[in-house]
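To keep things clear, I will list the structure first and then write my remarks on it.
Letters A, B, ... mirror the listed sequences (proteins, then strands); counts begin at 1. When reading the values below, keep in mind they use all heavy atoms of this one structure, side chains included, and skip hydrogens, waters and symmetry mates.
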Protein chains: 2
Amino acid sequence: MHTNIIGLIAGTLTTISFLPQVMKILKTRHARDISLGMYVVLAIGMIVWLIYGVMIKELPIMVANGIALVFCLFIIAMKLKYRKRG
Amino acid sequence: MHTNIIGLIAGTLTTISFLPQVMKILKTRHARDISLGMYVVLAIGMIVWLIYGVMIKELPIMVANGIALVFCLFIIAMKLKYRKRG
């Protein structure tokens, strides 16, 4: 049970970590220095982590990657939106 | 055993995902749009994932987070280095 708590802390941290980046892009309306390649590969990786979490029945891995994937896709969308702006 | 393979694919993807960002910063020498807060929280989260991986004895979680942590710290270092450059 206490491994689940450690996992949930880890998952919460890595999941909320994307929020400052989301806020920064929304605030500045700039994403020039952000790598699209990073977030595309990261999103695919998170989908595979999600499958892995289901396979080993570890809830923290499923929840963390599921939510982080949403943030990741949002950053990709904003990167594409502000692409022409440089 | 095959869960380990899925985990290793997931870990490889999320770990190498940081490489395009590292290369982009090295190439452009710009990191203005990158959120320092994101990478600081992400680095702390990866340390907790590493502890979690050791606790549940899952090698993919340990390896993936260990290597990704190095990339993460490197991006933090470059963000701080190019901070004045905007």
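Clustering ILVMFWY residues whenever any of their side-chain heavy atoms sit less than 4.5 angstrom apart, transitively, puts B/Val63 in the very cluster that holds B/Met55. The cluster map of Ile, Leu, Val, Met, Phe, Trp and Tyr, joined by side-chain heavy atoms under 4.5 Å apart, puts B/Val54 and B/Leu69 in different clusters. Under the 4.5 Å side-chain heavy-atom criterion for ILVMFWY residues, a single connected hydrophobic cluster contains both B/Ile5 and B/Ile56. Connection of A/Val70 to A/Met46 is not established within any shared hydrophobic cluster, with ILVMFWY side chains joined at heavy-atom distances below 4.5 Å, either directly or through further cluster members.
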All N/O donor-acceptor pairs, side-chain side in residues 18-27 of chain B, below 3.5 Å, sequence neighbours left out:
unit_1	atom_1	unit_2	atom_2	d
B/Gln21	OE1	A/Ser35	N	2.9
B/Gln21	NE2	A/Asp33	O	2.9
B/Lys24	NZ	A/Arg32	O	3.4

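For chain A, the nearby parts of B/Ile61 are the backbone and the side chain; heavy atoms of each come within less than 4.5 Å.
Taking the ring pair (Phe, Tyr, Trp, His ring centres under 6.0 Å) definition, one finds that A/Tyr52 meets it with A/Trp49, sequence neighbours left out. Contacts of A/Ile76 classified as side chain to side chain contact (heavy atoms under 4.5 Å, CB included), with partners at least two apart in sequence or in another chain: A/Leu36, A/Tyr39, A/Val40, A/Ala43, A/Leu73, A/Leu80.
Residues of residues 9-16 of chain B having a heavy atom under 4.5 Å from any heavy atom of chain A, listed by number: B/Ile9, B/Ala10, B/Gly11, B/Leu13, B/Thr14, B/Ile16.
Chain A forms the most heavy-atom pairs under 4.5 Å with one residue out of B/Ala64, B/Gly53, B/Gly45, and that residue is B/Gly45.
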